[in-house]
Visitor: 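Take a look at this one; I'll ask things after.
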Amino acid sequence: MKIYAVLGDPIGHSMSPVMHNAAFEALGRGMSDRYHAFNVRLPDLRDAIRGAKALGFGGLNLTIPLKEEALKYVDPDPIAARIGAVNTIDFTGGIRGYNTDGIGALRALKDAGVAVADQTIMIIGAGGAARAIAFQFAYSGGKVIIANRTVDRAEKLARDVGLGLFELKKTPSIKSIGLGEVKSEIADTDILINATSVGMHPNIDAMPVSPDLLRPELVVFDIVYNPRCTKLLSEARKRGAITIDGVQMLVHQGAEAFFIWTGREPPVDVMREAVIRALQ
Ligand code: NAP
């Protein structure tokens with residue numbers, strides 16, 4: 001029997017228990033493997049991670065506000081180290097830290113038939129999720145533009161990504177702008193990503209960019225998943241754009257964690273259905 005868990009503060013909103021328990025059940029492991037949510041305060045994180053290891057947990061996920069602090073207590077993979085945040089811990093052979101948010105976003109686009117290589121991708125936001133997506137997409141050959149309300153934060157992210165990784169064959173393409181420059185840059189953008197919390201419940205009428213800037217040739221991806229159809233996505237659909245919602249990323253980042261822990265192919269469709277049911 002293995003226990004898995006998500007740690008965060010607060011944690012009541014997390015979709016991860018529903019998603020992972022559905023996956024264990026679908027693979028016939030529902031009686032032996034269970035996934036729980038624990039409220040862990042930042043000062044207790046080190047003890048919580050070591051305690052989970054000592055108790056023989058299979059693995060952990062981390063959410064707000066623990067992802068950055070967790071980096072201190074794990075052996076991170078190179079991308080998680082550069083992002084500066086960990087959302088998945090695996091205890092096989094040590095305490096290994098990963099960040100699956102970027103790969104989750106990439107697979108959400110892939111499912112919709114959208115490739116990122118050589119595409120111009122504008123990411124609104126420079127917080128934790130935006131960082132993971134920016135690294136993943138720039139390292140996958142996308143031309144990334146970071147637009148953030150706090151410009152210093154966008155500049156720092158662009159600098160960090162621009163340092164590259166030794167495995168990369170090409171220098172990553174990334175630049176930063178303020179929200180005031182979105183209007184002039186969006187005409188050349190292929191993929192627009194909202195990686196801010198703008199539009200999230202309860203402020204469901206808010207949008208990160210003006211609807212006038214949306215056009216049919218854009219792919220619009222909103223990582224907010226509550227509500228599933230944000231105002232940004234509904235305005236983009238009205239204008240004929242391809243849209244991708246945050247549930248797709250949520251499921252794929254969870255599926256990657258599931259694979260890291262179990263080595264088994266995750267039942268992605270079952271996980272998606274469980275999340276959609278829980279959100280309803
Ligand atoms: P975070 O680290 O707190 O970053 C928040 C970002 O939103 C910052 O760039 C912030 O800009 C920007 N922002 C907040 N309010 C704004 C406003 N009124 N106008 C303009 N920009 C604003 O949060 P996070 O962890 O990156 O999460 C961001 C969102 O993504 C949340 O809604 C979260 O639920 C969602 N998310 C989804 C998934 C998924 O799997 N689908 C995964 C992770 C996160 P400043 O820098 O200027 O403050």
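One-based numbering, in listed order, for ligands and for the atoms of each. FYI, the numbering just counts along the sequence from 1. Keep in mind the model is a prediction, meaning the values are calculated, not measured.
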Visitor: When you look at R239 and E235, which way does the side-chain contact (heavy atoms from CB on, under 4.5 Å) test go after all the steps?
Guide: CA-CA 7 Å; R239 287 161 180 80; E235 292 294 334; 2.8 Å; yes

Visitor: Under 4.0 Å between a Lys/Arg side-chain N and an Asp/Glu carboxylate O for R96 and D90?
Guide: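 Result for this pair is no, no salt bridge flagged.
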
Visitor: Calculate, to the nearest 0.5 Å, the distance between atoms CD1 and CD1 belonging to I223 and I123 respectively.
Guide: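 Reported value, rounded in 0.5 Å steps: 9.5 Å.
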
Visitor: Do NZ/NE/NH1/NH2 and the carboxylate oxygens of K143 and D190 come within less than 4.0 Å?
Guide: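 A salt bridge is absent here (no side-chain N lies under 4.0 Å from a carboxylate O).
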
Visitor: Classify the ring geometry between F135 and Y139 as parallel (under 30°), tilted (30 to 60°) or perpendicular (over 60°).
Guide: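 Correct class here is perpendicular.
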
Visitor: Please tabulate, one line per pair, the protein N or O atoms found under 3.5 Å from any N or O atom of ligand 1, giving the distance to one decimal.
Guide:
| residue | atom | partner | partner atom | Å |
| --- | --- | --- | --- | --- |
| ligand 1 | 2 (O) | G128 | N | 2.9 |
| ligand 1 | 9 (O) | A126 | N | 2.9 |
| ligand 1 | 9 (O) | G127 | N | 3.4 |
| ligand 1 | 9 (O) | N148 | OD1 | 2.8 |
| ligand 1 | 11 (O) | N148 | OD1 | 3.3 |
| ligand 1 | 18 (N) | R149 | NH1 | 3.4 |
| ligand 1 | 26 (O) | G128 | N | 3.2 |
| ligand 1 | 26 (O) | A129 | N | 2.8 |
| ligand 1 | 40 (O) | L250 | N | 3.2 |
| ligand 1 | 41 (N) | I223 | O | 2.9 |
| ligand 1 | 41 (N) | G246 | O | 3.0 |
| ligand 1 | 46 (O) | N148 | ND2 | 2.8 |
| ligand 1 | 46 (O) | R153 | NH1 | 2.7 |
| ligand 1 | 47 (O) | R149 | NE | 3.0 |
| ligand 1 | 47 (O) | T150 | N | 3.0 |
| ligand 1 | 47 (O) | T150 | OG1 | 2.5 |
| ligand 1 | 48 (O) | R149 | NH2 | 2.9 |

Visitor: Would you please indicate if the ring centroids of Y4 and F258 are separated by under 6.0 Å?
Guide: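 No: the rings miss the under 6.0 Å criterion.
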
